[in-house]
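Numbering of ligands and ligand atoms starts at 1, following listing order. Quick note: numbers below take in every heavy atom, side chains included, and nothing from hydrogens, waters or symmetry partners.
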Amino acid sequence: MSSPSTAASALDTIVALSKRRGFVYQSADIYGGLNGVYDFGHLGSLMLDNIRAAWKHSVKAQPYGPVMMLEGALLAPEAVWKASGHVDNFHDPMVDCTACKKRFRADEFDLSQGCPNCGAHAWTDIRQFNMMFKTQLGATADSSALAYLRPETAQAIFVNFKNVYSTYRVKLPFGIAQIGKSFRNEITPKQFLFRVREFEQMELEWFCKPTESDNFFDIWQAARRNFYRAIGLRDENVRMRPHAADELAHYSKCCIDVEYQFPFGWKELEGIAHRSDFDLSQHASHSGKDLNVFDEELKLSYTPHVVECSVGTGRLFLALLFDAYHEDTLGGEQRVVLKLAPQIAPIKAAFLPLVKKLNEPMFAIYEAIARRGIEVEFDDSGSIGKRYRRHDEIGTPVCFTYDFDSQNDHCITARNRDTLVQERISIDSLERYLNDLLR
Ligand code: GAP
């Protein structure tokens, strides 16, 4: 991010821009909002779709094996979460200040310094708080009707492993990928989309022979690092950080976080975990079902090992906004520009008639491109300068202007968001121009 100097003002700037331009709204805003829950507006939804498409492409575009898609249910019975370890292990330490009644995560600051809200030294005991949302299915009140909203998408993949394996007759190694919602009752949701209670994850579970799992753990680290480069996050803002032994989740043999340098510090963007055979073995023993595979070459049956790559779509969305945000001065006026990679930008091009009199021919050109399925906008309100500024602020990579010469030379002016270079291009070559830009 170039400009706002403190973490708080950087965050406020992004929150305000997101609301002003229709990227993200506080959920149930007109009722005072729901803490840690957000809705995505038109531009936000388009950008999320672009992030999902880039992620899906990145996990499939590798030479090691096929990746099958899954869309699992959001609810699963308690038995699944018992087997996965979430009922017993998925909790955060919670503490309350008895003076101001505020609640905190006890591992996020030094309790001996007093309450960050009121300064009092009046803590309750630390309790373990399970972060899953529990619910009851149907009218029966016995424990067999207990279900939980999933806190990660991964378990739907493990539970369906044998279904996918036998339906598609795939051979190891292969991946199962899923993009979908997860829910965590975070004690302190914070930093806008960074830590929320309802969020989307993009998760890949890569199943392989036990002897190949360490190698694939390395391969996926390199692949994931390249992904962040490809979608435009600046190198200096991304780093890989191995977990110390005492940080490992209950299912991990080893784990590397891809971290992003947010204005509020280096924080996890994605977890890459060597889950070994933990999940499949747990589900096999709890369900009584055989989740092993038979290796025809080795004439041997074994439980596959798993390398997992897991990133939150909203958290990545936030990192992309911070990374792309720039302020500069143009012709004496302050400009806000989102330098998003064209593949991530919600609107790919804006079509601007120089004056309203030229609306008709420009609208026809815009419509022809829109009908090809490229996300573009027609904009005829305000001066050209104002329209440029509007599109810079939402990251539109190129603005096309139709002027009086266009009627004679059959060309329009393309103005690049980042270089500000303006070039005349033939209307006939417009689609190719846009496809090159988006490649
Ligand atoms: N299946 C593994 C798993 O869920 P995790 O590290 O707990 O691992 C993976 O979560 C990713 O999901 C994180 O790196 C982050 O991007 C995202 N994530 C987790 N909790 C989140 C929350 N409360 N709000 C937003 N994103 C979250």
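- Cation-pi geometry between Arg241 and Trp266 is not met at under 6.0 angstrom from the ring centre and within 45 degrees of the axis.
- Between Asp277 and Lys253, none of the side-chain N atoms (NZ, or NE/NH1/NH2) sits under 4.0 Å from a carboxylate O, so this pair counts as no salt bridge.
- No salt bridge links Glu297 with Lys171; every basic N to acidic carboxylate O contact stays at or beyond 4.0 Å.
- Pairs passing the side-chain hydrogen bond (donor to acceptor under 3.5 Å, both in side chains) check and including a residue from residues 59-71, sequence neighbours excluded, do not occur.
- For a heavy-atom separation below 4.0 Å, the residues in contact with ligand 1 are Glu152, Ala154, Arg184, Glu186, Leu193, Phe194, Arg195, Val196, Phe199, Gln201, Glu203, Tyr251, Glu268, Leu269, Glu270, Gly271, Arg275, Glu308, Ser310, Val311, Gly312, Arg315.
- By the 6.0 Å and 45° rule, Arg127 does not stack over the aromatic ring of Phe129.
- Ring pair Phe400/Tyr433: centre-to-centre distance below 6.0 Å.
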